[in-house]
Peer 1: 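Quick one: the structure is below, and I'll ask about it shortly.
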Amino acid sequence: MWYTDTRDSSLRIDFRQAVIQGMSEKTGGLYIPTEFPKLPDSFLNRPSVPTFRETAFEMAKPYTEGTIPPSVLEEIIVDAYPFDVPVKPLDPNTYVLELFHGPTCAFKDVGARFMARVMGYFNKDEDKALRILVATSGDTGSAVGSAFHNIPGIDVTILYPKGRISHIQEKQLSTFTGNIRALSVNGSFDDCQRLVKEAFTDSDLRGRFKLSSANSINISRLLPQAFYYMRSSLLVKNRMNYDPRHSEDLIIVTVPSGNFGNLTSGCIAKKMGAPIDGFIAATNTNCTIPLWLESGKYQPKESVATLSNAMDVGSPSNQERLASIYSLEEIKNLMAGFWVNDAETLESIENCSYKTGYTLDPHGAVSWRAWDEIRKGAMKNLLNGIKRQEGQTGLVNSVPAWGKKAGDGKCTGIILETAHPAKFGETVEKALGHDPVIPERLEKVLHLPDKSIPMEKDFRSFKEWLMENL
Ligand SMILES: *Cc1c(COP(=O)(O)O)cnc(C)c1O
C-alpha cells in the first residue's frame with residue numbers, strides 16, 4: 001500500500017515514512033492512502049458480527065502490509081485495545097457508539113494508542129530515543145501521554161496552559177510518571193503551541209534530539225478510528241434484521257466534529273465496505289464544514305469557545321483529506337451538515353436524559369441534537385422548501401442523497417459519543433442538576449500527586465529545560 005500527499009498526488013511513500021514524517025514538510029499537505037480496499041464479502045456478511053479486534057486486524061492489514069508483519073500487527077492491536085467499543089440502543093431507531101472506554105475516557109484513545117504502538121515498533125531498532133512534544137488544550141495531551149506510557153524508546157513532553165483547562169483534565173495531565181511529563185505553562189494554549197513549533201525549528205534542539213509531534217493529523221491515528229465505524233455499522237445492520245420495522249432502513253452515522261479526523265475515518269470505513277449510507281457532520285458554533293456543504297465554498301474562520309470545547313476548530317485540517325477522497329458533489333450527497341449552539345447543547349443533554357435515560361457529554365449532545373432534529377422533521381422541512389435563515393443554527397440548506405428517506409422516517413441512526421460525561425461534569429451538572437457518575441479510572445487520578453513542572457512561556461526557559469532534562 002502506498003500513501004500520497006493531499007497537495008502532491010505524484011508522491012508515493014510507504015506507511016512507515018508516512019507515520020514517521022506525520023505530514024509533508026515540503027508541501028504542508030497531509031498523507032492519505034492511495035486506495036481503500038474493500039473488505040471481502042465473507043467478512044462483511046459474516047452471520048456473527050466480528051469482534052472489535054478482529055475488525056481492527058482485518059482493516060489494518062492492507063494499510064500496514066510490507067511495513068508491519070501480521071503477527072506484530074496482531075500484538076499491537078491486542079495491546080492497544082484492552083477495552084471494548086460498545087454500541088447501545090437508545091430508542092427503536094437510534095444507537096449510541098460509546099467511544100470513551102479507553103483509559104482517558106475520550107475517543108482520542110482509540111487513535112493515539114494505535115499510533116503509539118506503531119511508532120514504538122518503527123523506532124525499536126533506532127539508537128536514538130524519539131522525543132515527542134505536544135501542546136494541548138485538553139483531551140489530546142492526556143490521550144497521547146497515556147498511549148505512549150511505557151512504550152520503550154519514546155518519551156513525551158506535554159505542554160498545557162496552567163489553570164486554563166478543566167480540573168479533571170489538569171489532573172490527568174499533571175499526574176503522569178515515567179516516560180511522560182507535563183509542563184504547566186504560565187500562558188495560553190497558543191503560547192504552548194508556539195513553544196512546540198519553535199522547538200521544532202530550533203537547530204540546537206534538532207541537532208541534539210530526534211523530535212516528533214505525534215500530531216492529530218498523523219495517518220496512524222486516522223486509520224484505527226475507521227475500525228469502530230465498520231464494527232458498529234455491521235452490528236447495527238445485523239440487529240436491524242431482527243426488527244421488521246427497521247430492517248430496510250438506511251444507516252446514518254452522526255459525528256460530533258472539530259478537526260474532522262473522526263468523520264474522515266468514517267468515510268474510509270465506508271469505502272472499505274461498511275454498511276453506512278450517510279453521515280451527519282455535526283458541529284458546535286464552529287460550523288465551517290456545514291457552511292461549506294451549504295455554499296460549496298470553503299471558508300475557514302477563527303475558532304470560538306463553546307461548551308463542547310474539543311470541537312472548537314474553525315479551520316479543520318482534515319477538510320483537505322475529505323476533499324481529496326471525494327468530489328464536493330459526492331460529499332454533499334453523502335453528508336448533511338448541522339450545527340448547534342451552547343444553549344441547545346445544554347438543552348439536548350437534558351432532552352436525551354429525559355427521553356432515554358442516557359447521560360450524554362456536551363460533544364455527544366451535539367450529535368444527538370443533529371440526529372434527533374433531522375429525523376423529527378428538519379429534513380422534511382428542508383425538502384418542502386423551508387430553509388434555514390442565515391446565522392440560524394440547525395440543518396444547513398443542502399440535501400444529501402439519503403435526505404428523502406430521512407424525511408420519510410426510513411433511517412436508523414448511530415450517534416457517536418466521544419467523551420465520558422464525567423469529563424465535562426460541570427456542564428452536565430448545569431443541564432441535569434446532578435453530577436454524572438465518575439468512572440474509576442478518572443476518579444483514581446484525582447488522588448495522585450501533582451508531578452507537573454512549572455514553565456514560563458518564553459522560549460529560552462523552555463529550551464534550557466529541554467537541554468538539561470531530556
Ligand atoms: C477531539 C474530539 C472531538 C473532535 O474530533 P475531530 O476528529 O477533531 O473532529 C470530538 N469530541 C471529543 C470529546 C474530542 O476529544
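What you see is a predicted model; the values in this text were computed from it and never measured. Heavy atoms only: backbone and side chains are in, while hydrogens, waters and symmetry mates are out. We count ligands from 1, going down the list as the structure has it; atoms in each ligand are counted the same way.
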Peer 1: Is Lys271 paired with Glu35 through a side-chain N to carboxylate O contact shorter than 4.0 Å?
Peer 2: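 No, Glu35 and Lys271 are not salt-bridged.
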Peer 1: Near His363, which atoms of ligand 1 are under 4.0 Å from a heavy atom of that residue?
Peer 2: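 Near His363, the atoms of ligand 1 are 11 (N), 12 (C), 13 (C).
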Peer 1: According to the interplanar angle, ranging from 0 to 90°, do the rings of Phe114 and Tyr81 count as parallel (below 30°), tilted (30 to 60°) or perpendicular (above 60°)?
Peer 2: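 Parallel, since the angle between the ring planes stays under 30°.
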Peer 1: Evaluate the side-chain proximity of Thr393 to Val340: yes if any heavy-atom separation is below 4.5 Å, no if none is.
Peer 2: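 A side-chain contact is absent here, since even the closest heavy-atom pair is not under 4.5 Å.
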Peer 1: Determine, using ring centers only, whether Phe424 and His363 are less than 6.0 Å apart.
Peer 2: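 For His363 and Phe424, the ring centres are under 6.0 Å apart.
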Peer 1: Name the orientation class of the two ring planes belonging to Phe100 and His420 (parallel below 30°, tilted from 30 to 60°, perpendicular beyond 60°).
Peer 2: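 Taking His420 first and then Phe100, their aromatic rings stand perpendicular (interplane angle over 60°).
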Peer 1: Among all protein heavy atoms, pick out the one at the shortest distance from atom 15 (O) of ligand 1; state its residue, atom name and that distance to 0.1 Å.
Peer 2: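 Ranked first by proximity to atom 15 (O) of ligand 1 is Lys108 NZ, 2.5 Å.
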Peer 1: If the cut-off is 4.0 Å to any non-hydrogen atom of Ala419, which atoms of ligand 1 fall inside it?
Peer 2: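 Taking each heavy atom of Ala419 in turn, ligand 1 has 13 (C) under 4.0 Å.
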Peer 1: Any salt bridge between Glu54 and Arg231, counting N to O under 4.0 Å?
Peer 2: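 A salt bridge is absent here (no side-chain N lies under 4.0 Å from a carboxylate O).
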Peer 1: Tell me which part of Pro316 gets within contact of ligand 1: side chain, backbone, both or neither, using heavy atoms under 4.0 Å.
Peer 2: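 Contact part for Pro316 vs ligand 1: neither.
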Peer 1: By number and element, which atoms of ligand 1 are closer than 4.0 Å to a non-hydrogen atom of Asn262?
Peer 2: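 Once the distances to Asn262 are compared, the set is 7 (O).
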Peer 1: Among all protein heavy atoms in this structure, tell me which lies nearest to atom 3 (C) of ligand 1, with the distance rounded to 0.1 Å.
Peer 2: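 Checked against all protein heavy atoms, atom 3 (C) of ligand 1 sits closest to Phe107 CE2, 3.5 Å.
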Peer 1: Distance to 0.1 Å, residue and atom name: give those for the protein heavy atom nearest to atom 4 (C) of ligand 1.
Peer 2: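 Among all protein heavy atoms, the one nearest atom 4 (C) of ligand 1 is Gly258 N, 3.7 Å.
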Peer 1: Do Phe15 and Tyr63 have ring centres separated by under 6.0 Å?
Peer 2: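 No: the rings miss the under 6.0 Å criterion.
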Peer 1: Is there a side-chain contact between Gln21 and Tyr31 in this structure, where contact means two heavy atoms from C-beta onward sitting under 4.5 Å apart?
Peer 2: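 Contact flag for Gln21/Tyr31 side chains = yes.
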Peer 1: Would you call Glu329-Lys332 a salt bridge at under 4.0 Å N-O?
Peer 2: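 No, this pair does not count.
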Peer 1: Which atoms from ligand 1 have a heavy atom of Ser257 less than 4.0 Å away?
Peer 2: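 Counting from 1, the qualifying ligand atoms are 9 (O).
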Peer 1: Measure Thr418 to ligand 1 on non-hydrogen atoms and call it side chain, backbone, both or neither using the 4.0 Å cut-off.
Peer 2: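 Thr418 to ligand 1: contacts from backbone and side chain alike.
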Peer 1: Atom 8 (O) of ligand 1: which protein heavy atom is closest, and how many Å away?
Peer 2: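 Ranking protein heavy atoms by distance from atom 8 (O) of ligand 1, first comes Asn259 N, 2.8 Å.
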Peer 1: With atoms numbered from 1 as shown, which atoms in ligand 1 lie under 4.0 angstrom from a non-hydrogen atom of Gly261?
Peer 2: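 Here the atoms of ligand 1 in question are 6 (P), 7 (O), 9 (O).
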Peer 1: List every atom of ligand 1 that sits less than 4.0 Å from any heavy atom of Asp139, numbering the atoms from 1 in the order shown and giving each element.
Peer 2: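 This gives 13 (C), 14 (C), 15 (O) as the contact atoms.
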Peer 1: Less than 3.5 Å between some nitrogen or oxygen of Met311 and one of ligand 1, yes or no?
Peer 2: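 Such a contact does not occur with ligand 1.
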Peer 1: If the cut-off is 4.0 Å to any non-hydrogen atom of Ala310, which atoms of ligand 1 fall inside it?
Peer 2: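 Listed by number with element, the hits are 1 (C), 2 (C), 3 (C), 4 (C), 12 (C), 14 (C), 15 (O).
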